[in-house]
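Everything numeric here is computed off the predicted structure, so don't read it as measured data. Lettering follows sequence order; numbering is per chain, from 1.
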Amino acid sequence: MAALPLRCWADTERDMTEMPTISPDSANDDSWEVAGRRFTSRLIVGTGKYKDFEQNAAAVEASGAEIVTVAVRRVNISDPNQPVLMDYIDPKKITYLPNTAGCFTADDAIRTLRLAREAGGWDLVKLEVLGEARTLYPDMRETLKATEVLANEGFKPMVYCVDDPIAAKQLEEAGAVAIMPLGAPIGSGLGIQNKVTIRLIVEGASVPVLVDAGVGTASEAAQAMELGCDGVLMNTAIAEAKDPIRMARAMKHAVLAGRDAYLAGRMQQRKYADPSSPLAGLI
Amino acid sequence: MSESISITVNGEPRRSTASTIAGLVRELGLKPEKVAVEHNGEIAPRSTLENVPLNEGDVLEIVHFVGGG
């Protein structure tokens, strides 16, 4: 068919189904869901290691995080009037995700989260059962055991685990509502050591996958998202930056950038160069 | 004047004149709505803190949320 004169286009009935559907809001409508709760931010931040509560609260604000991890510890009976986290980060505005940091057995972790549920009144929790102090590597046998018990008690455990696609499957079957493999040891800032296993976990999971631990700087957070993770959880990378508030902001942008890059679909890699300017018309 | 009893709170022995868990929490200068309590190894649901009596020799853990990763 001959091309229509340009002015005729306006009169031609166009088949709308063939029009590309690009929603102007598509970039802003990229929320995710865990255990039936919907969140916009894909960055979860910890609340440990900060200089003070003010800095902690400012970093959470700058990160845009809607979920923060918190630990459960004995109250200080000798000085009950000390400031507490809840005075600075409002649990009505930011979801507290109680963790089991420091627990080395399933029983300790379960006990801690039962108390956490009583303290907070919610069932979305972060389970981590550690195997040894030096590496803080998860003890998967105990982790799996705790996941089963917690799920049966109505908890929604987001589970810190090894970057092993088979272990991830087993956790999911046991009732984990999110799989959270380490990228590198907790607090190491070494970045994602095994991109292949993280990708395999993402591909095999039907619950959200978040890299938990190991991210040291913004590019590594972006990398986690480019691998298809649903989110990233970090603490030390922000808290131990020279300027934690600025790093919190960097992480927010990195997670958004990595997520967009994943959704956009990266170009194929080539072995050699391919010019971007046309070769035709060279003088 | 109520009699004082010996109990263990967060691993430390102490004496208390409180008759309930909530009373003990307040005696310690804490707000019952900001803590969780384990009473002799069992969770004491917050809704029951005002009613659960304290007895001689009770072991309690009183916890709250702190910063953590």
Side-chain angles (χ1 to χ4, degrees), chain A residues 44-50 52-53 55-57 60 68-82 84-89 91 96-102 111-121 126 128 136 153 160 186-187 212-213 233-240, chain B:
Chain A
I44 299 178
V45 297
T47 53
K49 297 181 175 174
Y50 286 94
D52 51 39
F53 286 125
Q55 187 190 59
N56 191 345
V60 171
V68 296
T69 57
V70 296
V72 178
R73 292 291 181 270
R74 285 173 165 171
V75 295
N76 185 349
I77 292 169
S78 55
D79 188 6
N81 295 319
Q82 275 181 354
V84 294
L85 187 67
M86 279 191 186
D87 298 336
Y88 292 84
I89 298 171
Y96 273 31
L97 185 66
N99 71 19
T100 59
R111 183 184 179 204
T112 299
L113 291 177
R114 283 176 183 151
L115 276 166
R117 178 155 68 177
E118 213 45 51
K126 173 184 163 180
E128 58 180 287
L136 296 180
E153 290 187 14
Y160 166 66
I186 293 171
D212 176 2
L233 195 162
M234 66 179 73
N235 190 151
T236 312
I238 295 174
E240 287 189 359
Chain B
M1 173 86 195
S2 49
E3 242 176 86
S4 86
I5 54 169
S6 294
I7 55 173
T8 304
V9 179
N10 290 355
E12 292 186 8
R14 65 181 296 128
R15 298 195 70 79
S16 171
T17 57
S19 56
T20 64
I21 294 181
L24 168 72
V25 171
R26 279 190 288 267
E27 184 183 275
L28 293 168
L30 302 162
K31 293 193 173 83
E33 65 274 15
K34 284 194 172 178
V35 299
V37 182
E38 193 188 70
H39 182 219
N40 296 332
E42 299 284 335
I43 297 291
R46 185 172 288 168
S47 56
T48 69
L49 294 185
E50 300 287 352
N51 308 321
V52 180
L54 269 190
N55 293 304
E56 177 76 23
D58 280 356
V59 178
L60 297 112
E61 289 288 339
I62 305 177
V63 303
H64 65 160
F65 291 132
V66 303

Go through the atoms of [X] and report whether side chain, backbone, both or neither lie under 4.5 Å from a heavy atom of chain B.
X        : answer
A:Ala239 : neither
A:Tyr96  : side chain
A:Lys49  : neither

Note to self: I need the A:Thr69 OG1 to B:Phe65 CZ distance, nearest 0.5 Å.
What the structure shows: 11.5 Å
Item checked: A:Arg73 side, atom CZ; B:Asn10 side, atom CG - distance, nearest 0.5 Å ->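 Rounded to the nearest 0.5 Å, the CZ-CG separation comes out at 12.5 Å.
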Checklist line | Proximity breakdown for B:Lys31 and chain A, heavy-atom pairs closer than 4.5 Å | finding: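 For B:Lys31, neither part sits under 4.5 Å from chain A.
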Margin query: If I measure from the heavy atoms of chain A, does B:Ile43 come under 4.5 Å with its side chain, its backbone, both, or neither?
Written below: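 Contact with chain A: side chain only.
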Check: Where do B:Val9 and A:Ile77 come nearest, in terms of heavy atoms and distance?
Finding: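 Scanning both residues completely, I find the closest heavy atoms to be CG1-CD1, 3.1 Å.
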Notebook entry, point to check: With respect to chain B, which residue among A:Asn81, A:Thr112, A:Val70, A:Val68 yields the maximal number of heavy-atom pairs within a distance under 4.5 Å?
Noted result: A:Val70
Please examine the side chains of [Y] and [X], heavy atoms only from C-beta on, and report whether any two atoms are closer than 4.5 Å.
X       : Y        : answer
B:Val63 : A:Leu115 : yes
A:Pro80 : B:Leu28  : no
A:Asp87 : B:Lys34  : yes

Next item on the list: Before accepting this row, confirm whether a basic side-chain N of the pair B:Glu38/A:Arg111 lies closer than 4.0 Å to the acidic partner's carboxylate O.
Entry: yes
Check: For chain A, which residues from residues 51-61 of chain B have at least one heavy atom closer than 4.5 Å to it?
Finding: B:Glu61
